[in-house]
K.L.:
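One structure, pasted below without further comment.
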Amino acid sequence: MPRGIAALLGFALLGAASSAAATEADELLDKGLADLQASRYGAACPAIRKSYRLEKRPRTLYHLAECEERAGRIATAALHYDEYLDLFERLSPPEQKDEADRQKLALERREKLDADIPWVTFRLPETAPVGTKVTRASEASPDPVPVVLGVPLPVDPGPQWVRTEPPGGPPRDKRFFVNKRERLTIELTVAEPGDEPKTRRYSRPLEHVPALLPPTVDEGLAARRLVAYITGGIGLAGAVTCAITGAITWSQKRTIEKNCENGFCNREGEEAAELAGTMSTVSTVSFGIGLAGLGTAAVLFLTEPDAARVGKVPRWVGATQQPELKVNLQERQVVGEVKWVW
């Protein structure tokens, strides 16, 4: 019976978390597709990308590639089309049948992109210190990505920035522009200790360009709302468990009275007393979990700030937000742990 209660609690919590993520993924995808239809790519692509992080569905990945292509980020679009086609190969035959039309379009669009993708080769001087870091970013995709040196790399057309950062020295940024079908070789420079840092990336007329530090996307209060959903699910599961175990404890009272007298019990009475003690402990613990979870969810909902006032939530907050729950019933002890993986 204790193991059954643990399984019930675990399934309830996982179901609540999964349902909340699926609901939010659907809402984000609908919003992203509406913005995509209206050519609002700055809002469409982040919404579709967030939806795919919550629910990795082939259809969502295809629309993300489509959004990046229509926004002009053709190298990024080609990468997502490749990911979609790879995912398609791992689907079951019925799932492949549902995706057949999109798979055909993905093959056609991916092939057309090849000729237009720019390729850039980055080179460090021979005098560059060992351990010099090189990262690249663009106005459209501000996330800094590591650069592989000496080989041609596919890059989205438009303005780009590359940063060199030697050990113990200041960073140095270099701006360049790349057109469709262009092949470039960028000779990088490295600052020495004591040099003035050159960060033209942040100077006029490009102050609107995001920094190379944690990027932001317009995700509103999605992370806060997801936490509220999950804690509410935990609280609800705790309350249900408390009610069930409390009922079991109460049901053993009559058995104990019939089979125990003056502190002595027969076998049936001992088993009933042991079960009642275990369920009483589980009921007490689950009551605390339920109260804390429902209370936390209520506070998060009631104190949720105005999204227009708060602004944007950093993309790196909740990039892979998944609750990891462990519940273990050992003899008469209930051990519970909730771990958040960000």
Side-chain angles (χ1 to χ4, degrees), residues 36 39-46 48-49 61-86 106-128 132-166 170-191 197-218 315:
L36 179 61
S39 300
R40 294 189 292 266
Y41 308 124
C45 296
I48 299 173
R49 188 181 303 114
L61 183 56
Y62 171 84
H63 287 305
L64 177 57
E66 180 187 18
C67 185
E68 296 289 0
E69 179 185 4
R70 292 174 60 178
R73 296 186 284 271
I74 56 177
T76 302
L79 172 64
H80 290 320
Y81 279 130
D82 287 341
E83 291 173 339
Y84 170 82
L85 293 170
D86 181 66
L107 285 170
E108 294 174 355
R109 291 180 174 179
R110 176 64 181 89
E111 186 176 356
K112 290 181 180 179
L113 289 177
D114 265 336
D116 289 336
I117 296 175
W119 293 80
V120 180
T121 302
F122 298 92
R123 292 179 179 172
L124 275 175
E126 295 182 357
T127 56
T132 297
K133 296 180 181 179
V134 183
T135 56
R136 177 179 59 84
S138 68
E139 180 176 357
S141 301
D143 298 294
V145 295
V147 168
V148 179
L149 300 171
V151 297
L153 301 175
V155 174
D156 290 325
Q160 304 280 335
W161 289 264
V162 60
R163 167 172 289 187
T164 58
E165 192 168 359
R172 175 167 291 179
D173 293 346
K174 183 174 183 177
R175 183 181 184 272
F176 63 95
F177 193 96
V178 61
N179 297 300
K180 287 184 178 181
R181 305 187 179 189
E182 194 168 8
R183 302 294 187 267
L184 287 180
T185 297
I186 304 296
E187 301 291 344
L188 303 172
T189 59
V190 180
K198 296 181 179 180
T199 54
R200 287 174 291 177
R201 174 179 174 79
Y202 310 109
S203 60
R204 297 179 64 85
L206 297 169
E207 57 273 282
H208 64 283
V209 178
L212 283 173
L213 295 174
T216 61
V217 294
D218 191 6
R315 183 185 304 166

K.L.:
What are the two closest heavy atoms between Ala115 and Arg181, and how far apart are they?
P.N.:
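The answer is O-CG, 3.1 Å.
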
K.L.:
Kindly give the heavy-atom pair with the smallest separation between Val148 and Val151, and that separation in Å.
P.N.:
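Looking at all heavy atoms of both residues, the closest pair is CG1-CG2, 3.6 Å.
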
K.L.:
Can you give me the closest heavy-atom contact between Ala137 and Pro142, atom names plus distance?
P.N.:
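Residues Ala137 and Pro142, closest heavy atoms: CB-O, 3.8 Å.
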
K.L.:
If I take atom CZ from residue Arg175 and atom CD from residue Gln160, how far apart are they, to the nearest 0.5 angstrom?
P.N.:
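Nearest 0.5 Å value for the CZ-CD distance: 10.0 Å.
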
K.L.:
Roughly how far apart are Lys180 NZ and Asp156 CG, rounded to 0.5 Å?
P.N.:
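Those atoms lie 11.0 Å apart.
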
K.L.:
Side chains of Thr185 and Arg123: closer than 4.5 Å at any heavy-atom pair?
P.N.:
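Yes, side chains in contact.
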
K.L.:
Test of understanding: with side chain to side chain donor-acceptor pair (under 3.5 Å), list the residues that count as partners of Glu111, not counting sequence neighbours.
P.N.:
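Not a single residue meets the side chain to side chain donor-acceptor pair (under 3.5 Å) criterion with Glu111.
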
K.L.:
Measuring from atom CD1 of Ile48 to atom CD of Glu68, what distance do you get when rounded to the nearest 0.5 angstrom?
P.N.:
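Between atom CD1 of Ile48 and atom CD of Glu68 there are 9.0 Å.
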
K.L.:
Let me see the working for Leu36 and Tyr41 under side chain to side chain contact (heavy atoms under 4.5 Å, CB included), right down to the final yes or no.
P.N.:
CA-CA 6 Å; Leu36 179 61; Tyr41 308 124; 3.7 Å; yes

K.L.:
Specify the closest pair of heavy atoms between Ala75 and Pro154, including all atoms of both residues, with the distance to one decimal.
P.N.:
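Looking at all heavy atoms of both residues, the shortest contact is CB-C, 4.1 Å.
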
K.L.:
Quick one, Thr121 and Pro152 - any side-chain contact, counting heavy atoms below 4.5 Å?
P.N.:
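Of all side-chain heavy-atom pairs linking Pro152 with Thr121, at least one is under 4.5 Å.
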
K.L.:
Using side-chain heavy atoms (C-beta onward) and a distance below 4.5 Å, is Thr164 in contact with Val134?
P.N.:
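Answer yes - side chains close enough.
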
K.L.:
Tell me the closest heavy-atom pair linking Lys112 and Asp116, and the distance in Å.
P.N.:
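So the two residues come closest at O-OD2, 4.3 Å.
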
K.L.:
Is there a side-chain contact between Arg109 and Glu66 in this structure, where contact means two heavy atoms from C-beta onward sitting under 4.5 Å apart?
P.N.:
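Of all side-chain heavy-atom pairs linking Glu66 with Arg109, at least one is under 4.5 Å.
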
K.L.:
Nearest 0.5 Å, what's the CD1-NZ distance between Ile186 and Lys174?
P.N.:
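Going from CD1 on Ile186 over to NZ on Lys174, the span is 5.5 Å.
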
K.L.:
Return the CZ to CG distance between Arg136 and Leu153, rounded to the nearest 0.5 Å.
P.N.:
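One finds 7.0 Å between CZ of Arg136 and CG of Leu153.
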
K.L.:
If we only count heavy atoms from C-beta on, is the Tyr62 to Tyr81 side-chain gap below 4.5 Å?
P.N.:
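They are in side-chain contact.
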
K.L.:
Side-chain contact test, heavy atoms from C-beta onward, threshold under 4.5 Å: evaluate it for Tyr84 versus Arg110 and give yes or no.
P.N.:
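Tyr84 does not reach Arg110 side chain to side chain.
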
K.L.:
Would you indicate whether the side-chain heavy atoms of Leu188 and Leu149 approach each other to under 4.5 Å?
P.N.:
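Yes, close enough: below the 4.5 Å cut-off.
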
K.L.:
Would you mind reporting whether Ile74 and Pro157 have side-chain heavy atoms less than 4.5 Å apart?
P.N.:
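They are in side-chain contact.
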
K.L.:
Quick check for you: to the nearest 0.5 Å, what is the distance between Phe176 atom CZ and Ser138 atom OG?
P.N.:
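Those atoms lie 9.0 Å apart.
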
